[in-house]
Amino acid sequence: MLEYDIVVIGGGQAGLAAAIEAKKNGIDSIIIIERDKELGGILQQCIHNGFGVHEFGEELTGTEYAERFIDQVNTYDIECKLVTMVLRITNKKIVEVVNSEDGYMCIKAKSIILAMGCRERTRGAIIIPGTRPSGIFTAGAAQRIINMEGYLIGKKVFILGSGDIGLIMARRLTLEGAKVLGVAEILEYSSGLSRNIVQCLDDFNIPLLLGHTVTSILGKDRIEGVVVAKVDKNRKPIKESEKIYECDTLLLSVGLIPENELSKDVKIRIDSNTGGPIVNQIMETSINGIFACGNVVHVHDLADYVSEESKRAGRNAAKYVKGEIKNSKNVIGIISGKGIRYVVPHYIGVDDIEEYIDLFMRVDRVYENIRLSVISEAEILKEVFRKRVCPGEMQKIKLPLFHFKDRKISSIKIEVREGG
């Protein structure tokens, strides 16, 4: 059996940032396990810019952003095993892995960091009726085929769902000479960032059809078209509104799911709203010594936030290995109040509070001129004004340590208060 202080599962942005931070905090015995043939994860296929403004103070492409962290991994001589699949983990922190070179291996860890990322919802997950022709791709798969393998997937494209990858692919396909007929979104608002609506759709005159969905797929061997309809207030298609769009390609950008099969196998508590582990402010899961970060916890809209959160996981995994985590039973619960879909972290371990706590959250619909209020019983700990918030853009509130020091607080609630 191999032994390491920290095993990081996943060599994408979250895993890289966590491993580097653990190394910086005095842990030398670290290994990153990655199932792909290279580090960097999804960033390797993101050739567009918009990364690194918070982390590095400059705008980078996804590949450049990944390279900065990969270079640090190499500089710190952090061990990696690529093309290696994790089969399972145990609550005794044994990681079972396999690859074609070493075969089956057991790795004993003092601490584990879960950084497996997320996966895309497929056609099967949303149950679109119709035939099963070729030409149907998830947006992420299409991005990889075009940006990394150099193939154009189609010439007349329709996109279902307004997630960020789908919006970015609308622009990418247009730049490659394809015609993007439109983007349908079943909700009354986009699930992507506002900047991507402007830069990827509006700038290229690509229509965004809010309150619409694909009701059927046409074609036998290759997709020949899709039937698109408006939906009512219950999100049921309105038959009379159906319209056929002739196309040879359909992209699906209908949501991401945190990759938590390993977490569930080891009985880590999962949040039904996020699909990710329940964590405290140091990113520790319900099993002491197992930490989680990045899109495996909740789906982020900015890679810089992933880096920030993952550094916290790496730093505290290092503290755990060194015996510096108190794991106090004195905890403060965090409640999602009116207008809030979820908040991460889910609770606060009082004795392990650092200088401040970052609260990440998403609202349940579009709001304008509101306050995001952090409340303890009748006391408002902090309020921030937002001119406009929407579910596609994560909100962040920073709470300094003094809010919790020497005070008896059993829970805090975050809610939307309308009225500016």
Side-chain angles (χ1 to χ4, degrees), residues 14 18 91 111-118 256-264 266-301 305-306 308-317 319-320 325-364 372-377 381-382 384 391 394-401 403-404 407-416:
N91 55 13
S111 178
I112 296 172
I113 300 176
L114 306 176
M116 295 87 72
C118 57
L256 300 168
I257 305 170
E259 187 67 79
N260 272 296
E261 297 310 308
L262 293 173
S263 310
K264 293 173 184 175
V266 79
K267 308 301 183 186
I268 287 172
R269 291 177 60 205
I270 300 294
D271 181 351
S272 59
N273 288 317
T274 63
I278 290 174
V279 296
N280 59 16
Q281 84 284 355
I282 63 173
M283 306 312 295
E284 191 175 29
T285 68
S286 56
I287 297 180
N288 289 350
I290 299 183
F291 297 78
C293 55
N295 287 343
V296 82
V297 179
H298 59 128
V299 177
H300 294 63
D301 43 25
Y305 283 166
V306 171
E308 181 182 329
E309 184 180 273
S310 302
K311 287 179 180 180
R312 187 177 306 117
R315 181 169 63 251
N316 286 291
K319 288 182 179 179
Y320 179 88
I325 297 296
K326 298 181 177 66
N327 284 317
S328 168
K329 296 187 182 300
N330 182 14
V331 299
I332 299 172
I334 300 178
I335 301 167
S336 300
K338 176 186 174 184
I340 303 295
R341 217 174 92 217
Y342 73 79
V343 182
V344 173
H346 302 83
Y347 65 98
I348 299 167
V350 175
D351 294 332
D352 290 312
I353 294 176
E354 299 179 301
E355 294 180 5
Y356 57 86
I357 296 168
D358 283 330
L359 301 176
F360 291 94
M361 67 207 71
R362 290 188 188 272
V363 295
D364 59 3
L372 294 173
S373 303
V374 183
I375 306 162
S376 173
E377 297 178 351
L381 301 180
K382 188 167 185 176
V384 293
M394 194 156 61
Q395 304 300 314
K396 175 182 172 182
I397 297 177
K398 189 180 292 289
L399 281 181
L401 173 60
H403 284 300
F404 307 100
R407 300 175 67 180
K408 292 184 178 179
I409 298 174
S410 60
S411 66
I412 59 174
K413 179 171 68 173
I414 295 88
E415 67 179 26
V416 171

Side-chain donor-acceptor pairs of residues 330-340 under 3.5 Å, sequence neighbours excluded:
none

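- Annotation: the span from Arg269 atom CZ to His346 atom NE2 amounts to 9.0 Å, rounded to 0.5 Å.
- The aromatic rings of His298 and Phe360 sit tilted, their planes meeting at an angle between 30° and 60°.
- Here the closest non-hydrogen pair linking Val296 and Ala292 is CG1-CB, 4.1 Å.
- No donor-acceptor contact under 3.5 angstrom links the side chains of Glu308 and His300, judged on distance only.
- Listed here is the closest heavy atom pair of Ile113 and Gly314: CD1-CA, 3.9 Å.
- A pairwise comparison of heavy atoms in Phe291 and Thr285 identifies C-CG2, 4.1 Å as the closest pair.
- Looking at Ser376 and Leu381, their side chains come closer than 4.5 Å, going by heavy atoms from C-beta outward.
- In terms of heavy atoms, Asp271 sits closest to Ile278 at N-CG1, 3.8 Å.
- Between Asp352 and Lys319 there is no salt bridge, since none of the side-chain N atoms of the basic residue sits less than 4.0 Å from a carboxylate O of the acidic one.
- Considering all non-hydrogen atoms of both residues, Gly349 and Gln281 come closest at N-OE1, 2.8 Å.
- Within a 6.0 Å sphere centred on NZ of Lys382, other residues, nucleotides and ligands contribute more than 12 heavy atoms.
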